[in-house]
Amino acid sequence: MIQIILSIITIGILCFSCFIVVQKRKQAGITGIKSALSSICLFLIAITSLLAYWLNFTGILSWAITMILLILGAYFTKYSVIPVKI
């Protein structure tokens, strides 16, 4: 029972955070995929972990995918837009 509740909470928070990221990007007027790649990689980490939990696949492959996505997310932060204060 607790596994179902935790999965529902994780999916809810993931959907909410995706919505917030999209809204913040629209408000800032940021377009393009390169500046969103770090957020996409971090969302994919959550999805990978959730799928690994559901499918009982929490082995070395899921850890490797998580680490690769984490490194890619860190690499793509160089394309993130830094707001300029005037």
Side-chain angles (χ1 to χ4, degrees):
M1 182 68 178
I2 192 78
Q3 294 87 1
I4 295 170
I5 293 171
L6 290 176
S7 295
I8 290 171
I9 290 171
T10 303
I11 291 171
I13 291 173
L14 184 63
C15 292
F16 180 72
S17 63
C18 287
F19 176 74
I20 294 296
V21 167
V22 169
Q23 289 299 319
K24 294 277 186 179
R25 286 178 56 83
K26 282 183 183 178
Q27 287 177 356
I30 300 170
T31 58
I33 192 73
K34 280 188 176 181
S35 60
L37 283 175
S38 60
S39 298
I40 291 170
C41 287
L42 294 176
F43 291 141
L44 285 175
I45 288 172
I47 292 169
T48 302
S49 298
L50 194 60
L51 286 175
Y53 180 70
W54 283 344
L55 302 174
N56 293 328
F57 191 63
T58 54
I60 190 74
L61 187 61
S62 66
W63 278 95
I65 292 171
T66 300
M67 292 307 294
I68 289 170
L69 286 171
L70 187 62
I71 291 169
L72 285 175
Y75 175 75
F76 288 125
T77 56
K78 71 178 184 179
Y79 295 116
S80 61
V81 177
I82 300 171
V84 177
K85 293 183 181 180
I86 297 175

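Predicted, not measured: the structure shown is a model, and the values here were computed from it.
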Checklist entry - OG/Ser49 to CG/Leu44 distance, rounded to the nearest 0.5 angstrom? => result 10.5 Å
Checklist entry - Does Ala74 offer a backbone N or O that forms a donor-acceptor pair with the side chain of Thr77 under 3.5 Å? => result yes
Next on the checklist: Less than 4.5 Å apart, side chain to side chain, heavy atoms only: is that true for Leu70 and Cys41?
Outcome noted: no
Checklist entry - Does CD1 in Ile20 sit with more than 12 non-hydrogen atoms of other residues, nucleotides or ligands closer than 6.0 Å? => result yes
Checklist entry - Are Ile71 and Ile65 co-members of a hydrophobic cluster defined by side-chain heavy atoms under 4.5 Å apart? => result no
Checklist entry - How long is the span from the CG atom in Leu61 to the OG1 atom in Thr48, to the nearest 0.5 Å? => result 9.5 Å
Checklist entry - Tell me the side-chain hydrogen bond (donor to acceptor under 3.5 Å, both in side chains) pairs involving residues 9-23, sequence neighbours left out? => result none
Checklist entry - When rounded to the nearest 0.5 angstrom, what distance separates CD1 in Ile45 from CG in Leu50? => result 13.5 Å
Checklist entry - Linking I/L/V/M/F/W/Y whenever their side-chain heavy atoms sit closer than 4.5 Å, directly or via other members, would Ile13 and Phe43 fall into one cluster? => result no
Next on the checklist: Quick check for you: to the nearest 0.5 Å, what is the distance between Ile40 atom CD1 and Leu72 atom CG?
Outcome noted: 11.5 Å
Checklist entry - Counting distance only, does the side-chain N/O of Ser62 pair as donor-acceptor with the main-chain N or O of Phe57 below 3.5 Å? => result yes
Checklist entry - Does Ile11 belong to the same Ile/Leu/Val/Met/Phe/Trp/Tyr cluster as Leu51, with side-chain heavy atoms less than 4.5 Å apart forming each link? => result yes
Checklist entry - How would you list, by chain and number, every residue that makes a side-chain contact (heavy atoms from CB on, under 4.5 Å) with Ile5, sequence neighbours excluded? => result Met1, Ile9
Next on the checklist: To the nearest 0.5 Å, what is the distance between CH2 on Trp54 and OG on Ser7?
Outcome noted: 5.5 Å
Name each donor-acceptor pair under 3.5 Å that joins a side chain in residues 26-38 to protein atoms two or more places apart or in another chain, with its distance.
from, atom 1, to, atom 2, distance (Å)
Ser35, OG, Arg25, NH1, 2.9
Ser35, OG, Arg25, NH2, 3.2

Item to check | Same apolar cluster (I L V M F W Y, side chains within < 4.5 Å links), Trp63/Tyr53 | outcome: no
